[in-house]
Amino acid sequence: MSSSAVEPPETPDLVCQLDNVQGMVDALSSVRWKRHQDAVVELSQHGIVLIVEESRCLQAKVYLQRELFIQYEYSAQGWPRFGVSLGLFVDCLNTFSVPGHSSTIEIQYPGPDMQLLLKSLDSVNACIYAEIRTRIPDMVSWDYNFEPSGNTPLTFTVKSAALKEAIDDLEWPGSSIQIVLQPAPPSVTFRGEGHGDLQIDFMYYANTDLLIAFHCDQQVSYRYKYKFLRATTSNLPSSVIKDNRGSKLTIGRGGMLKVQHLVSVARPSASHSHIDSAGHQQPSRIAYIEFFLKPEEDEATGND
Amino acid sequence: MKFKAFLTDNGVSLLEKRFLPALDKMGRTCHLYLTRDHAIFLHNLLNGDGVQCIAQFRKEALFDDYRISSQNDDRIAFAIDLSLLQRALRSVIAIYAEFSGSHSGASVSNRLQIKLVKKLPPHSQQPTPFLTFETKGYKSAVVQDVPISKPLSRSDVLELQAALEIAQDLPRTLVQVPDMNQLQNFVDRMKHVGDLLNVSITKYGDLHLQISTTLITLGAEFRKLSVIGEQSEIPVGERDLSAQSRTQKAVERGDAMTVQVSVKHFAKSLQCHLAKPDCAFYGIAAQGACLTVIFQFFIPGTRQRDKSISLHCRLPVLDPGAS
């Protein structure tokens, strides 16, 4: 926590500047799966982390590393945390984003009344500003410590678009979705049973363009609530699909599912020139999104 | 009661491409008020709430051979559905353009007539008023009847005329909006954050918009805009103040006025840019009675104001003291 909440500190804990607001809007929107969500923001010298949580079953984190910002002045003692309404934060940031322009904003915390302060820096004679009220975070973070399930990580990387499409299709059977990883033949299966049965198989050798990487030395099978699984891709920004990115899914100890996406926060004008020959953007211009999803508890058929 | 005129090509393009799309966004129905010299589209002038919008054309801007007569000092007013009007006009234009296209350069003249008629609609015994468009194409002719309300009574027309005169009052200070698209884009996004918008205008050309709720304050300040009307000097030493404190000081000095309007109304008034005005001005009426937006049109190819066309909106002010 910050040193004192009564007297506003002389120097703010954080003053940073970002030259691509839309990228930040995209990154934060990807963890926005419903209208009203409380988020906890943690500040450090490494960057900003925003955490949302639901029903002690699902947690999502957005990592905005300091390299994403054109300026990042961190002066806090300790690790300031504050609560904020995610929807309001995103809607507010969105007003700073001008289509076709790369807008630069300054973010400051805290303001005189512990607010989160935003202002545009694009023009001397036109200024957009915002003060968002913050809360003392009341979320007792359930321990989402993610541990590998064995010696080899159980993981696969799939094209984000294909993952989203598969999960969207599973809406029809709904309720509970079984994810099966098996080494022989190497494949990932999503199976939904409810109003009907639907099974989607990603065969590693058959779909190398969709299933980009696959590591599994033992068959595992866990069930996840559809609504939580859906939250991991429901608001995937269009830039992720356009950039043809992959999402990495890992199953950890106890069936905890980790879903990772990459969202570009590069300046729109520079986004093409910065793609290197391998088609990858500079890692410094990427926001990392992570979801942690607990399996349904009645599932006893973990490992073989 | 008679009205008959021919729409000019310029009038057709003004209405079809610019004004009707804009006016349709202001509200589906409006009054069309025809006088000896003007055709005026009026939104919300006879009922109190909502954005008032007034688009006034001198008859030459839209018509030639304009004939109007009524026992009420040659004034006719009625309510009309703008989307129907738009559809009818489009259909007529399609045929009209076909003819004009096939006779380019020829001396044969084609005209697009607009008139007020009373007809017996199918399956009805009661004659109903219509605004009718007529033209002919190369092989076909077309008649489009747009149903309209019964013409307004003498007292209603008088009331409309009185409301129109009141609505012509100009605010003392008007500031020019630099970029309508930018402003619209901003306000469209702002709508998600709150419902009430504080608008402050200073005599030295600052326009300050702000939404403030218990959870958030979101604002935009545009400075050094051009000013029409009452002006004052930009105060020195306020450059480093926040937008809020600058505005507060200006209000205290009597250099600024602030009103609160609905964000929805404000966004709606910005839809007028579909009429492709050349510039827009905001001003606050005396005693903060309303927020006025005035759109100006230039004579094509010049920077001179086209006085035959005028468009402005008046946004009702919500009383912040009432809550």
Side-chain angles (χ1 to χ4, degrees), chain A residues 8 12 21-22 24-26 28-29 32 35-39 41 82-103 105-136, chain B residues 175-195 197-202 204-227 234 238-248 250 263 266-267 270 280 282:
Chain A
V21 180
Q22 191 55 47
M24 187 160 169
V25 171
D26 283 351
L28 297 181
S29 298
R32 192 179 177 185
R35 205 173 160 73
H36 297 291
Q37 274 172 289
D38 285 330
V41 177
F82 59 86
V84 70
S85 152
L86 178 65
L88 203 60
F89 188 22
V90 172
D91 284 342
C92 175
L93 267 176
N94 211 11
T95 58
F96 287 80
S97 164
V98 183
H101 290 260
S102 62
S103 356
I105 57 165
E106 183 180 275
I107 302 173
Q108 181 188 321
Y109 178 84
D113 199 17
M114 301 306 281
Q115 315 98 314
L116 182 65
L117 305 179
L118 307 161
K119 71 175 179 202
S120 68
L121 301 173
D122 294 317
S123 154
V124 190
N125 291 328
C127 173
I128 304 176
Y129 63 88
E131 300 174 4
I132 306 174
R133 184 164 291 276
T134 62
R135 288 177 293 98
I136 296 168
Chain B
V175 294
Q176 182 174 2
V177 179
D179 181 347
M180 288 282 286
N181 284 319
Q182 185 199 3
L183 187 61
Q184 186 175 25
N185 182 37
F186 173 69
V187 172
D188 280 347
R189 289 155 189 252
M190 221 177 177
K191 272 193 295 196
H192 299 283
V193 173
D195 302 324
L197 183 70
N198 293 310
V199 181
S200 308
I201 293 172
T202 70
Y204 40 85
D206 290 358
L207 173 66
H208 183 185
L209 310 174
Q210 188 192 63
I211 285 183
S212 191
T213 69
T214 49
L215 291 174
I216 188 169
T217 301
L218 174 63
E221 189 193 33
F222 304 92
R223 304 181 66 199
K224 298 185 182 164
L225 307 176
S226 34
V227 182
I234 299 178
E238 291 191 358
R239 219 182 62 129
D240 296 326
L241 293 179
S242 70
Q244 285 113 306
S245 27
R246 255 198 303 267
T247 299
Q248 197 186 341
V263 177
F266 195 86
L270 287 166
Y282 276 91

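None of the values given here were measured: they were computed from a predicted structure. Below, chain A is the first sequence line, B the second, and so on; all start at residue 1.
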Checklist entry - With a cut-off of 6.0 Å (strictly less than), are more than 12 heavy atoms of other residues, nucleotides or ligands near CG of B:Asp188? => result yes

Checklist outcome for this item: One should read off an interatomic distance between B:Ile216 CD1 and A:Leu88 CG, to the nearest 0.5 angstrom, of 4.0 Å

Item to check | Exercise: identify the closest heavy-atom pair between A:Arg133 and B:Thr214 | outcome: NE-O, 3.1 Å

Next on the checklist: Please find the pair of heavy atoms, one from B:Leu218 and one from A:Cys92, that lie closest to each other, and give the distance.
Outcome noted: CD1-SG, 4.0 Å

Next on the checklist: Quick check on A:Ser97 against chain B: is it the side chain, the backbone, both or neither that has a heavy atom closer than 4.5 Å?
Outcome noted: both

Checklist entry - Which bit of A:Phe96 is near chain B, if near means a heavy-atom gap under 4.5 Å: side chain, backbone, both or neither? => result side chain

Checklist entry - Which of the residues A:Val84, A:Asp91, A:Thr134 is involved in the greatest number of heavy-atom pairs with chain B at under 4.5 angstrom? => result A:Asp91

Next on the checklist: Counting only non-hydrogen atoms closer than 4.5 Å, can you tell me which residues of residues 117-130 of chain A sit against chain B?
Outcome noted: A:Asn125, A:Ala126, A:Cys127, A:Ile128, A:Tyr129, A:Ala130

